[in-house]
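Below you'll find the structure, written out as structure tokens, and then a few comments.
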Number of protein chains: 2
Amino acid sequence: MCNFSWVVRNMSASEYFKDFFQHENKVYAQILADIAQGIYVSGDRLVTTALAKRYCTSINPIREAIKQLEGEGFVTSQKNSGARVANFSHATMRDVFEILQLLEPYLFEWYIQRYTQDCLLKLNEVLHQMRSLAVDEHMKFRELDTEFHWLMYKHHYNKSAVQLWKKNKLILQALHGNIPISLARREHTIVEHEKILSDIVNKKPQDAVQALQQHINQGRQYWSKVLVQ
Amino acid sequence: MCNFSWVVRNMSASEYFKDFFQHENKVYAQILADIAQGIYVSGDRLVTTALAKRYCTSINPIREAIKQLEGEGFVTSQKNSGARVANFSHATMRDVFEILQLLEPYLFEWYIQRYTQDCLLKLNEVLHQMRSLAVDEHMKFRELDTEFHWLMYKHHYNKSAVQLWKKNKLILQALHGNIPISLARREHTIVEHEKILSDIVNKKPQDAVQALQQHINQGRQYWSKVLVQ
DNA sequence: TGTAAATGGATTATGTGTAATTTTAGTTGG
DNA sequence: CCAACTAAAATTACACATAATCCATTTACA
């Protein structure tokens, strides 16, 4: 059972997955990846002994990893009752989206003024990959969507804000889980990304920010319709 | 040495301190309070054995509390090298202020529409306390300043955003430490709070938001001048 | 006989002690 | 003054003991 290969298999070949989950603490990174990938879903118990067996270690490192995840808000725990994956509800999604709506324009405005030609090429490459994806590769599509944004924000000077963005994006990922994305939404996402990119290239920063805000709003509306209880 | 009474003595009589530091985990709350109060300052080593003695417990609970604080960004740790209070630099202050500048108007806008008469009275009471404070009670003044904002944000529906605000406010508190506030800045703070309050009472939401933004900006400018290296 | 309370066992969380590896600090010698 | 070595201290991980929680069965009572 002590085998990490299945995790590696699930890992995307893209850079962004590394940036997101790379962590000196293996156990921590594993649990977080498992939550983000929907292996543990909202409300699941995180039993220390079980996790210790799964990750081939003793209980203590597991407890510490869980405490750290608790500090980051991915896990909640009650005294003498252990830890559970945090309750990601419909209300949580609203909250997360609203925080993202504050953060993204802020991070983006810096990018517009400091982007490199090399980075624009990478964005284009991601867009190309999104277009040439098979219809059933929902997970991969969402990864590419996140990577598009990540490429723009990762070098921002405000590392707290970047980390905060990452965290909220991960929560969204966990919330959406394995729910497939409609082809229409996929098409719209690509078009919206294209609009943002072209506004940057054409030196229209105002329009680019607006396009980004609309993009986030569209995503928010789409998911709130899909995840309606 | 196993005595918490000195902590209780330092605790403010006001409500906000309770809200801020109350936590089911005593050790966690203690360490965080110690960081916020400047007992451990930026860069200080957090030696598990020493903390275990201080808080009359064994190493494991200490380690878990530290891990949680690490998850929240108050503590950083290197492998085999233990934990330290996070590096709160001048750049950190800029980052924190920028996040607060995003969050506060967002939280505030909801308050304007949902405030109660009772809450306004409390705000007034806090203002009164600020005015009638002795000139050397810097810490107490800062607590009251924070409480003023806290009263407006604490009931916001977006609990993640509120917690985020709290966290960043705590980092500021740790950064400012025991540095005294100038009397001029104290006077300005009170006037700015009065302006915000009167704009709310006079049903001028637009002006109130603007007053709040200015208030944050003023604080930012003041502290960046004071803490210039 | 049906329902509610109680009891017991199993599972799990929490806290402590200990051994091993690594780091740190102090000291000695060049 | 700097480098290398040594001893003390700290981190890490593990095994164990204790305490709390959960669940199913049994028991008591109406």
Side-chain angles (χ1 to χ4, degrees), chain A residues 1-4 7 21-35 39-88, chain B residues 1-5 7 21-35 39-87:
Chain A
M1 273 296 272
C2 292
N3 192 338
F4 286 102
V7 178
F21 295 104
Q22 203 171 38
H23 200 274
E24 58 178 16
N25 186 342
K26 280 268 183 214
V27 176
Y28 165 89
Q30 281 301 321
I31 299 176
L32 182 56
D34 287 354
I35 291 173
I39 293 167
Y40 303 124
V41 300
S42 180
D44 277 4
R45 282 195 67 183
L46 295 174
V47 178
T48 53
T49 49
L51 291 172
K53 266 189 188 168
R54 172 163 185 163
Y55 301 127
C56 305
T57 179
S58 65
I59 296 174
N60 259 5
I62 300 287
R63 290 200 331 213
E64 285 169 18
I66 286 176
K67 276 290 166 193
Q68 190 168 347
L69 289 165
E70 189 183 341
E72 292 171 352
F74 294 107
V75 164
T76 55
S77 72
Q78 278 193 340
K79 193 153 177 64
N80 291 324
S81 224
R84 292 172 179 275
V85 178
N87 178 32
F88 299 136
Chain B
M1 274 294 272
C2 291
N3 192 339
F4 287 101
S5 67
V7 178
F21 295 104
Q22 204 170 39
H23 199 275
E24 58 179 14
N25 186 344
K26 280 268 183 216
V27 177
Y28 165 89
Q30 279 302 321
I31 299 176
L32 182 55
D34 287 354
I35 291 173
I39 294 168
Y40 303 125
V41 299
S42 179
D44 276 5
R45 281 193 69 181
L46 295 174
V47 178
T48 53
T49 50
L51 291 172
K53 266 188 187 166
R54 173 165 184 161
Y55 301 128
C56 306
T57 178
S58 63
I59 295 175
N60 240 358
I62 300 288
R63 283 174 66 96
E64 284 174 15
I66 286 177
K67 277 290 165 191
Q68 191 168 346
L69 289 165
E70 189 183 340
E72 292 171 352
F74 294 107
V75 164
T76 55
S77 73
Q78 280 194 338
K79 194 154 177 62
N80 290 323
S81 208
R84 291 171 180 276
V85 178
N87 178 33

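Each chain gets a letter, A, B and so on, in the order its sequence line appears, and its residues count up from 1.
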To the nearest 0.5 Å, tell me how far [X] [atom1] sits from [Y] [atom2].
| X | Y | atom1 | atom2 | result |
| --- | --- | --- | --- | --- |
| B:Ile39 | B:Gln30 | CD1 | CD | 8.5 Å |
| A:Gln68 | B:Leu69 | CD | CG | 10.5 Å |
| B:Ile66 | B:Leu51 | CD1 | CG | 5.5 Å |
| A:Asp34 | A:Leu46 | CG | CG | 9.5 Å |

Those residues that, when tested against B:Thr57, pass side-chain contact (heavy atoms from CB on, under 4.5 Å) (two or more places apart):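 Only B:Val27, B:Tyr55, B:Pro61, B:Ile62 meet the side-chain contact (heavy atoms from CB on, under 4.5 Å) criterion with B:Thr57.
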Set of residues satisfying ring-ring contact (aromatic ring centres under 6.0 Å, His included) with respect to A:Tyr40, sequence neighbours excluded: none
May I have the list of side-chain donor-acceptor pairs in residues 74-84 of chain B shorter than 3.5 Å, sequence neighbours left out?
| unit_1 | atom_1 | unit_2 | atom_2 | d |
| --- | --- | --- | --- | --- |
| B:Ser77 | OG | B:Glu70 | OE1 | 3.0 |
| B:Ser77 | OG | B:Glu70 | OE2 | 3.2 |
| B:Arg84 | NH1 | B:Gly43 | O | 2.9 |

Within-4.5 Å side-chain heavy-atom neighbours: A:Val85 and A:Val41: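 A side-chain contact is absent here, since even the closest heavy-atom pair is not under 4.5 Å.
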Any A:Lys67 side-chain heavy atom under 4.5 Å of B:Tyr28 side chain: no
Where protein sits on nucleotides 14-19 of chain D, one letter per nucleotide: B base, S sugar-phosphate only, - none, heavy atoms under 4.0 Å: B-----
Interface with DNA chain C, restricted to residues 77-86 of chain B and to heavy atoms under 4.0 Å: B:Asn80, B:Ser81
Proximity to DNA chain D (any heavy atom under 4.0 Å), residues of residues 62-72 of chain A only: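 Result for residues 62-72 of chain A: none.
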Residues forming a side chain to side chain donor-acceptor pair (under 3.5 Å) with A:Asn25, sequence neighbours excluded: none
For B:Glu64, all residues meeting salt bridge (Lys or Arg N to Asp or Glu O under 4.0 Å), sequence neighbours excluded: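 B:Glu64 satisfies salt bridge (Lys or Arg N to Asp or Glu O under 4.0 Å) with A:Arg63 once adjacent residues are dropped.
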Boundaries of the DNA chain C segment in contact with chain A, non-hydrogen, under 4.0 Å: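 Contact boundaries, 5' end first: C:dT12 to C:dG15.
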Side chain to side chain donor-acceptor pair (under 3.5 Å) contacts touching residues 42-52 of chain A (sequence neighbours left out): none
